[in-house]
Q: 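Pasting a structure here, questions to come.
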2 protein chains.
Amino acid sequence: MKQKITLKHIAKELEVSISTVSKALKNSEEIGRDTKEKVQAFAKLYNYKPNNIAISLKNKRTKNIGVIIPDIVHHFFTTVFRGIEKYANKQGYNVIVCVSDESFDKEVINMEMLANGSIDGFIMSLSAETQQKQDFNHLKEVTEQGIPLVLFDRVSEEVACDKVVINDMEVAYQAVNKLIEEGRKKIALVTTENYFNVSNQRAEGYTKALINDGRKLDDKLILKLPYKGVEDHMIEDFINTTDMDGILCVNELFAILCLRLAKKKGLRVPEDVSIIGFTNGILSRYCSPTLTTIAQHGEEMGERAAQMLIERVESEIDEEEETYRTEVIEATLIERESTK
Amino acid sequence: MKQKITLKHIAKELEVSISTVSKALKNSEEIGRDTKEKVQAFAKLYNYKPNNIAISLKNKRTKNIGVIIPDIVHHFFTTVFRGIEKYANKQGYNVIVCVSDESFDKEVINMEMLANGSIDGFIMSLSAETQQKQDFNHLKEVTEQGIPLVLFDRVSEEVACDKVVINDMEVAYQAVNKLIEEGRKKIALVTTENYFNVSNQRAEGYTKALINDGRKLDDKLILKLPYKGVEDHMIEDFINTTDMDGILCVNELFAILCLRLAKKKGLRVPEDVSIIGFTNGILSRYCSPTLTTIAQHGEEMGERAAQMLIERVESEIDEEEETYRTEVIEATLIERESTK
DNA sequence: TATTAACACGAAACCGTTTGCGTAACCTCT
DNA sequence: AGAGGTTACGCAAACGGTTTCGTGTTAATA
């Protein structure tokens, strides 16, 4: 096992000082021609690479980004992550991922683990529990320490930081409008408990579209489900007991379940009922009939988030005068077989 | 913005030495009662947390694990990652993820980035290109430097390290046997080009099961597809021109495509043709008919890999005498509607 | 009263780099 | 020959901790 070689080793071997070696490797003008060549040749021969940790300590820059997401086995987060990783890597950054598992406590613990020097900044999407509790002290502490933070998708107005979101309200509005244009009379909404910012926005878009068309809201057409532990019967009851000819679902799973249970009831999709879901995932593409969905462009979102974060990290101005930006990515409706 | 507090700050403020502060915070016997209390109170008040980077440099231990996988938007890798992250976090480790994107070069670059002190060990699954090229020098270099490595799923015999795999051959054998027991006469195999260790193992199980039943192999019943860029027509031609009543697919996507295209041809599943896929992902659970699949237990795999790695990292014995283990996780057949 | 042990703390080395500054040796010019 | 200027390098501090060892003070013991 050949030990990792350090400046000290090279210095001793070549009988020069450590600083000479360091400067020689950086091609400093201070160092003589032949010394430089000697050092560089030796370093190449033994495949010298500077120790990242030492450099991090010196520079107070780790070139690591901390990403905290609620779930990794989840198409949307996974695509966002891919975007983050892609951009970050291009800029020479590595990505440390922690999964909050929708838990407030884990989110806090993970942040604290990473905030002690391990990373230069955070990219996060809030856990369900955090959104429910509306407790953002851990985020505030981090930003107060001067660690840049970018929130995406599941954000909160109470946290002052850069954000990347999609135009949830508008795109939900468009989606419902499409159903209206199809001639749907009874359009249902399948959403989550209302502590999710995104669900609220989407519900608002739904409402606006109906109102705009001169209809009035019918609570019977709105189903609120828990975020986790959804079981078939919850949706089945709703579909079996409610008369509807169009459904907007705030996520992909709900849409797939609606599709399946509508078919089970004997409804034809899209003849009897149209279905539109959020998240243009693999399920929507491969189920049958294929699902019309709203693509959130997760990868782009991740790239933008990473870009915003790295800009913050690398900007020299310490006090950014608190001019935080919120980037809005335009979601797009992908029409497939579940609508006409 | 309150700056991160260090030992030095505390020392100056309390007019003691840095070492006294350090010891006091560790509750050392060396330090007097009241000094300890004073220091600890001050530290708590200002929320002092030691700098991870400094500790890493001192200990030559980062408490970071490097994970390199071919793709993150992929159910199997994602579940493995979840297992890794779960176990690692429990042990106080963080996980740095890099995505090789099935590229040899990216795999090499990522490894080099992380190998210079950023991590204590690697958990990897080989990229398609690496398996194709059969070039493992980057892996060997890393292990020669004494950095522990655990390979999972896509492994190679040429690399001496710990490994975690599933019993691909046996479970494929079982799956085909199930089709035989159903009375299937013409069982097809849809697999990838043969540089993938896992595909080879699965193909071998397929072959063995047929031979064992006294049949002979029919090349016309075997379809080899590229790993990326599979298009419908490749499978469609195969299904339309070949007579078959059972299909084993080496991954989930192939199975879903077969299912769809068999249905398109007018075949009933499972009446006319049975389909079994690998990877018990979300697609298999929610398509219709639901797919019988082989569950690879990715999460368990990840946990085992993390456990093996951390044991290596933390074992004091530097020379492990090269007794590397290969753990085999038992895959299980999940029967659903696509088989009888 | 002199010796010694216990106590409580500080100095300094170390982890691996970077970098500002000091300086010995040589060169050049007058 | 001495002043002044290069050249080519080393010293040491710094990043933020941990840890070994040394030491001044006090109290206990002979």
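Below, all heavy atoms of this structure are taken into account, side chains as well, without hydrogens, waters or symmetry copies. First the proteins, then the strands, lettered A, B, ... as listed; each starts at 1.
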Q: Centroid-to-centroid, Phe81(A) to Phe77(A), below 6.0 Å?
A: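 No, they do not, as the ring centres are separated by 6.0 Å or more.
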Q: Whole angstroms only, please: what is the CG-P distance between Asn59(B) and dT19(D)?
A: 7 Å
Q: Can you measure Ile5(B) atom CD1 to dG17(D) atom P for me and round it to whole angstrom units?
A: 10 Å
Q: Compare the minimum distances between each of dG16(C), dT18(C), dC21(D) and the side chain of Glu30(B), then state the nucleotide with the smallest one.
A: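 Of the options given, the side chain of Glu30(B) lies nearest dC21(D).
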Q: Kindly say whether, by distance alone, the side chain of Lys4(B) makes a donor-acceptor pair under 3.5 Å with the base of dG16(D)?
A: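 No, no donor-acceptor pair under 3.5 Å.
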Q: Is Ser19(B) side chain donor-acceptor paired with the dA11(C) base, going by distance under 3.5 Å alone?
A: yes
Q: Tell me, with the steps shown, if Asp153(A) and Ser125(A) meet side chain to side chain donor-acceptor pair (under 3.5 Å).
A: CA-CA 6 Å; Asp153(A) 195 59; Ser125(A) 197; 4.6 Å; no
Q: Mapping Lys8(A) and Lys23(A) to their closest nucleotides on DNA chain C, which lands nearer the 5' end?
A: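 Upstream on the strand: Lys8(A).
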Q: Taking only the side-chain heavy atoms of Leu7(B) (C-beta and beyond), determine which of dG20(C), dC15(D), dG17(D) contains the nearest atom.
A: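 The nucleotide sitting nearest to the side chain is dG17(D).
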Q: Quick one: is dG10(C) close enough that its OP1 or OP2 comes under 4.0 Å of any side-chain N or O from Ser17(B)?
A: yes
Q: Let me know the distance between CG of Asp34(A) and C1' of dC9(D), rounded to the nearest Å.
A: 12 Å
Q: Counting only side-chain nitrogens and oxygens, does Lys58(B) get under 4.0 Å of the OP1 or OP2 atom of dA13(C)?
A: no
Q: So does Lys60(B) get a side-chain nitrogen or oxygen closer than 4.0 Å to the phosphate oxygens (OP1/OP2) of dG16(C)?
A: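 Yes, Lys60(B) has a side-chain N/O under 4.0 Å of OP1/OP2 on dG16(C).
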Q: From C-beta outward on Thr35(B), which listed nucleotide comes closest to its side chain: dG16(C), dG16(D), dA8(C)?
A: dA8(C)
Q: Mind checking side-chain contact (heavy atoms from CB on, under 4.5 Å) for His138(A) and listing every partner two or more places apart, or none if nothing turns up?
A: Phe104(A), Glu107(A), Val108(A), Met111(A), Thr130(A)
Q: Before accepting this row, confirm whether a basic side-chain N of the pair Lys106(A)/Asp101(A) lies closer than 4.0 Å to the acidic partner's carboxylate O.
A: yes
Q: Quick one: is dT17(C) close enough that its OP1 or OP2 comes under 4.0 Å of any side-chain N or O from Tyr48(A)?
A: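 Yes, Tyr48(A) has a side-chain N/O under 4.0 Å of OP1/OP2 on dT17(C).
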Q: To the nearest Å, how far apart are Ile18(A) CD1 and dA13(C) C1'?
A: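 Computing the Ile18(A):CD1 to dA13(C):C1' distance gives 13 Å.
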